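Single-structure report; data block below.
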Amino acid sequence: MTIALENAFWEAGNRAIVNDVSVVFSPGQVTAIVGPNGAGKSSLLRLASGLTSLSRGKVLLDDLPLSSFSPAVMAARRAMLMQDGVLTARFTARQLVVLGASVSAAHLPHVKRIAMADEILDRVGLLAFAGRDVMSLSGGERQRVHLARVLMQLEAAAIDTSPGFLLLDEPISAQDPARQELILRIARAHADRGGGVVMVLHDLNWAAACADRIVVVHDGRIYAQGAPQTVLSGPLIRSVFGLAEGCVRTHERTGKPYMLPHDIMH
Amino acid sequence: MMARRSILFWLLFLLPSLLLITMVLSVNIGATGLHFDALWRGGDDADASVAWLVLTQIRAPRVVMASLTGAALGASGAIMQGLFRNPLADPGLIGISAGAGLAAACVIVLGSASGFSILSSAWAVPAAGVLGSFGATLTLYLFATREGITSITRVLLAGVAFGTLAAALTGVLVFRANDTALRDLTFWTMGSFAGSTWPRIVILSPFLIAATVGVMWLAGPLNAMLLGEGDARLMGYPVERVKTVGMLTVACAVGPAVAFTGVIGFIGVVVPHLVRLITGPDHRLVLPGSVLLGAVLLTGADTLARTLASPADVPVGIVTAILGTPIFVWLLARTHDGVGV
């Protein structure tokens, strides 16, 4: 199962937010989308999920246009974590996670659903909060509850199909360092089971450490893509992000690039 | 929110019993001072037959009409609050009842003036109510939606504006109305069940059956809508269809009821909030709960309306507003920010 964008355009107010993008996302791989603020990363992810429709071009799921799938079929094939939730209802964490599979695995028995939700909440480190009102949780905890809901949507459906695509928009933005690693390990595990993972990340070090492939988006276009070693070079960091080249190093054991922040005290 | 078992106890036993008790009491209380006793006692035949007539032809249809309307308003409030993700949304506050009222007023006034028989048929007023409420809902939705995102501020402001305009236009019609039409108009500008008859209930029922089907279909999707349209769509719900069914359901439930009884405020806003205190946010529980509690409260309010100043009949809209306002304020005071009341 693959998701492919072919010459995809998405325009808002006469401005091309996504400008002639062609890219293929494959199963078994973690792809990190990086780029400056406003580069079009989230828009690209929303196009790949079918949440927004293209202005021009194609988005294909297994060579068929997304529009040929019903919302329910799409729900079993891909799930997406959006950047900002708007939830104002007093659902408990468990209720919210169970809700995730209400269409993608509509016929799963209630007991099985609860057991699965609890297992996933345990994985994101929130089983103790399963009965808590989501609105009373901290920002980072809430983000992990939503991640659990998204995982539930795919994993409950995958009982009789393939693992499907996990699309994550800045999944670690509200997390402490330990939880950042936890979430990226969960994403990695999904890819290792044969699922596809595409996520927008701002932390280039994490992108290099957990992704098979990095897609650099700049001004709505794909600026570069490939393995972290080939993509994250000093000149790219300077021309895309406007940072000094010298901050990029190479890890002596893994050979992967990493960045050190400049000391800005002086 | 309570434990699952006590929620089910409320929904399956307490609220239905409460509704039954309220309805029986309400039929038994009234301006004529007649009770069921008059029927059981036998007495002389004239007494018993008057009692029979009052109970079956005046009070019973009125009680049934009040409970059906309360159910419709309660469910509609819950649907609108879910659809718009706004604790204030209700058919009264955002102008949907006003739209139904305007259309019904048009039919009443123009029907009696023009002599077109189609406008004076028994179906004309409820049909106008449906069209008016649906038209108002649609106008509101189209106006408030930009690029697939519905602005809550726009819905509320446009709804208030539309409601005021519809009320003003209804006022113009009142000005133009003849005496017969004026009397009909007065009934529903303040809200009253005084004109309830069995034939009207028969006319109401197909709309309410349609609305019931809508309510059952909406329960699941409305839960997902609480996360926002984007997440609901990603989870696999046909969001556009949910909105359409939601609007049609509210129009079917509220339109004909408003056409017969007038604008009755606060049931739609307050009832779902009260129900959520018991059930939590799950619409599979909130919707049936709002149907039941709406019926209980409006039947109770109407009983007060016709007994408080007996033998005068206080418009029930006044009673619901007087009772509803303190409850609403109390609900607001319970939460820090009014969110997720």
Side-chain angles (χ1 to χ4, degrees), chain A residues 10-13 42 45-46 48-53 69-92 94-96 98-106 110 114 131-136 142 145-146 149-150 152-154 156-157 165 167 169, chain B residues 1-4 7 78 81-89 146-152 218-242 272-273 275-286 331 334-341:
Chain A
W10 185 62
E11 282 147 7
S42 296
L45 205 61
R46 290 162 74 98
S49 74
L51 188 58
T52 36
S53 343
F69 297 91
S70 73
V73 170
M74 283 300 292
R77 302 228 181 338
R78 63 91 184 89
M80 172 156 151
L81 177 70
M82 294 210 284
Q83 243 181 88
D84 33 15
V86 291
L87 183 70
T88 54
R90 301 201 175 280
F91 282 115
T92 64
R94 187 184 283 123
Q95 276 179 314
L96 197 61
V98 166
L99 190 59
S102 52
V103 174
S104 69
H110 184 72
I114 300 283
R132 282 267 297 273
D133 172 1
V134 176
M135 281 171 63
S136 73
R142 226 176 304 166
V145 175
H146 282 288
R149 170 176 63 75
V150 167
M152 178 81 183
Q153 179 182 330
L154 271 193
F165 265 89
L167 311 174
D169 197 351
Chain B
M1 195 177 74
M2 301 181 181
R4 195 176 173 82
I7 294 172
Q81 287 165 19
L83 212 53
F84 290 110
R85 279 186 292 110
N86 186 297
L88 268 185
R146 293 278 186 283
E147 289 167 10
I149 297 161
T150 305
S151 152
I152 280 155
L218 282 167
L222 282 179
N223 282 344
M225 292 291 275
L226 289 177
L227 279 93
E229 286 182 27
D231 273 323
R233 193 170 285 137
L234 287 167
M235 275 192 269
Y237 287 96
V239 169
E240 296 309 317
R241 197 182 306 160
V242 172
H273 289 306
V275 171
R276 271 186 222 107
L277 293 179
I278 303 163
T279 62
D282 188 340
H283 282 92
R284 290 169 302 177
L285 307 170
V286 172
L331 279 171
R334 283 184 81 252
T335 56
H336 299 296
D337 47 9
V339 169
V341 180

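Residue numbers start from 1 in every chain, and the chains themselves are labelled A, B, ... in the order their sequence lines are given, proteins ahead of strands. Small disclaimer: the values here were computed from a predicted structure and weren't measured. When reading the values below, keep in mind they use all heavy atoms of this one structure, side chains included, and skip hydrogens, waters and symmetry mates.
Val150(A) is not listed as a side-chain neighbour of Leu234(B), based on a closest heavy-atom distance of 4.5 Å or more. Here the side chains of Arg276(B) and Arg90(A) are not in contact, with every heavy-atom distance at 4.5 Å or above.
Heavy-atom pairs under 4.5 Å with chain B peak, among Ser104(A), Ala101(A), Ser102(A), at Ser102(A). Per-residue heavy-atom pair counts under 4.5 Å with chain B were compared for Ser70(A), Gly100(A), Ser49(A), Gly50(A), and the maximum is reached by Gly100(A). Top candidate by heavy-atom pairs under 4.5 Å with chain A, chosen from Gly230(B), Gly82(B), Gly228(B), is Gly230(B).
Rounding to the nearest 0.5 angstrom, the gap separating the CG atom in Leu99(A) from the CG atom in Leu227(B) is 6.0 Å. With values rounded to the nearest 0.5 angstrom, Asp231(B) atom CG is found 4.0 Å from Arg149(A) atom CZ.
Heavy-atom distances place no part of Ala79(A) under 4.5 Å from chain B, backbone and side chain included. Contacts of Leu167(A) with chain B are absent, with no heavy-atom separation under 4.5 Å from either backbone or side chain. Using a 4.5 Å cut-off between heavy atoms, Met80(A) contacts chain B through both its backbone and its side chain.
Minimum interatomic distance between Met235(B) and Ala75(A) (heavy atoms only, all atoms of both residues): O-CB, 3.3 Å.
Side chain of Gln95(A) to main chain of Pro281(B): no donor-acceptor pair is present (N/O by atom type, distance under 3.5 Å, no hydrogens or angles).
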